[in-house]
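First the structure, in the form of structure tokens, and then the observations on it.
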Amino acid sequence: MTADPLPRGQIEDRLAQLPGWALEDDGITRTYRLGSHFAAAALTTHIAQVQDELNHHSDLTLGYDTVRLAVRTHSADGAITALDLDLAARIEQLAPAHGAH
């Protein structure tokens with residue numbers, strides 16, 4: 001699946017609705033803090049399931065009690081697309097159930 005890159009203004013407007021997400025190095029990023037390593041691993045697994053559902057896989061890094069995402073669309077030469085922001089929105093919906101902040 002390919003997607004068209006979004007203009008910077010549109011990216012910034014959508015990011016304003018996604019607390020904690022930031023525009024960084026031509027991608028969007030977010031780091032979640034959790035109460036334990038187990039909670040962070042569970043969130044990572046849940047994010048991987050959503051990525052598979054959307055067929056859109058971002059860089060996902062598990063730390064001791066953190067989960068970090070760096071999202072961009074590889075099929076759009078690494079640009080930010082609506083798919084990236086849709087993935088971020090889905091993750092924002094599921095993260096609180098894991099105690100992420």
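Heavy atoms only: backbone and side chains are in, while hydrogens, waters and symmetry mates are out. None of these values were measured; they are calculated from a predicted model. We count residues from 1, following the sequence as given.
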Spell out, as yes or no, whether a donor-acceptor pair under 3.5 Å connects the side chain of T45 to the backbone of A41.
yes

Can you tell me if H37 uses its side chain to pair, donor with acceptor, with the backbone of Y64 under 3.5 Å?
yes

Are any non-hydrogen side-chain atoms of I28 and R72 less than 4.5 angstrom apart?
no

Can you tell me if T81 uses its side chain to pair, donor with acceptor, with the backbone of L83 under 3.5 Å?
yes

N/O donor-acceptor pair under 3.5 Å between R68 side chain and D59 backbone:
no

Say whether, by atom type as modelled, one donor and one acceptor occur between the side chain of R30 and the main chain of V67 under 3.5 angstrom.
no

Rounded distance [0.5 Å steps], CG in L62 versus OG1 in T44:
4.5 Å

Just one of I80, L60, L87, I91 clears the side-chain contact (heavy atoms from CB on, under 4.5 Å) bar with V71, so which one?
L87

Under 4.0 Å between a side-chain nitrogen and a carboxylate oxygen: does that hold for D86 and R14?
yes

Distance-only donor-acceptor check, side chains H57 and D52, under 3.5 Å
yes

Side chain to side chain contact (heavy atoms under 4.5 Å, CB included) between Q17 and E92, intermediate numbers included:
CA-CA 10 Å; Q17 300 169 27; E92 278 301 302; over 6 Å; no

Would L23 and R8 satisfy side chain to side chain contact (heavy atoms under 4.5 Å, CB included), going step by step from the backbone distance to the final call?
CA-CA 9 Å; L23 188 57; R8 186 176 182 97; 3.3 Å; yes

Do the non-hydrogen side-chain atoms of L15 and L85 ever get within less than 4.5 Å of each other?
yes

Is there side-chain contact between I47 and Q51, with at least one heavy-atom pair below 4.5 Å?
yes

Find out whether L43 and Y32 are in side-chain contact, i.e. whether some heavy atom of one side chain is under 4.5 Å from a heavy atom of the other.
yes

Has S36 got a side-chain atom pairing as donor or acceptor with A39's backbone, closer than 3.5 angstrom?
yes

Looking at every heavy atom in both A3 and A76, which two are closest together, and how far apart are they?
O-CB, 3.4 Å

If every non-hydrogen atom of A88 is compared with every non-hydrogen atom of L18, which pair is closest and at what distance?
CB-CD1, 3.8 Å

Over 12 non-hydrogen atoms of neighbours within 6.0 angstrom of CG in D26
no

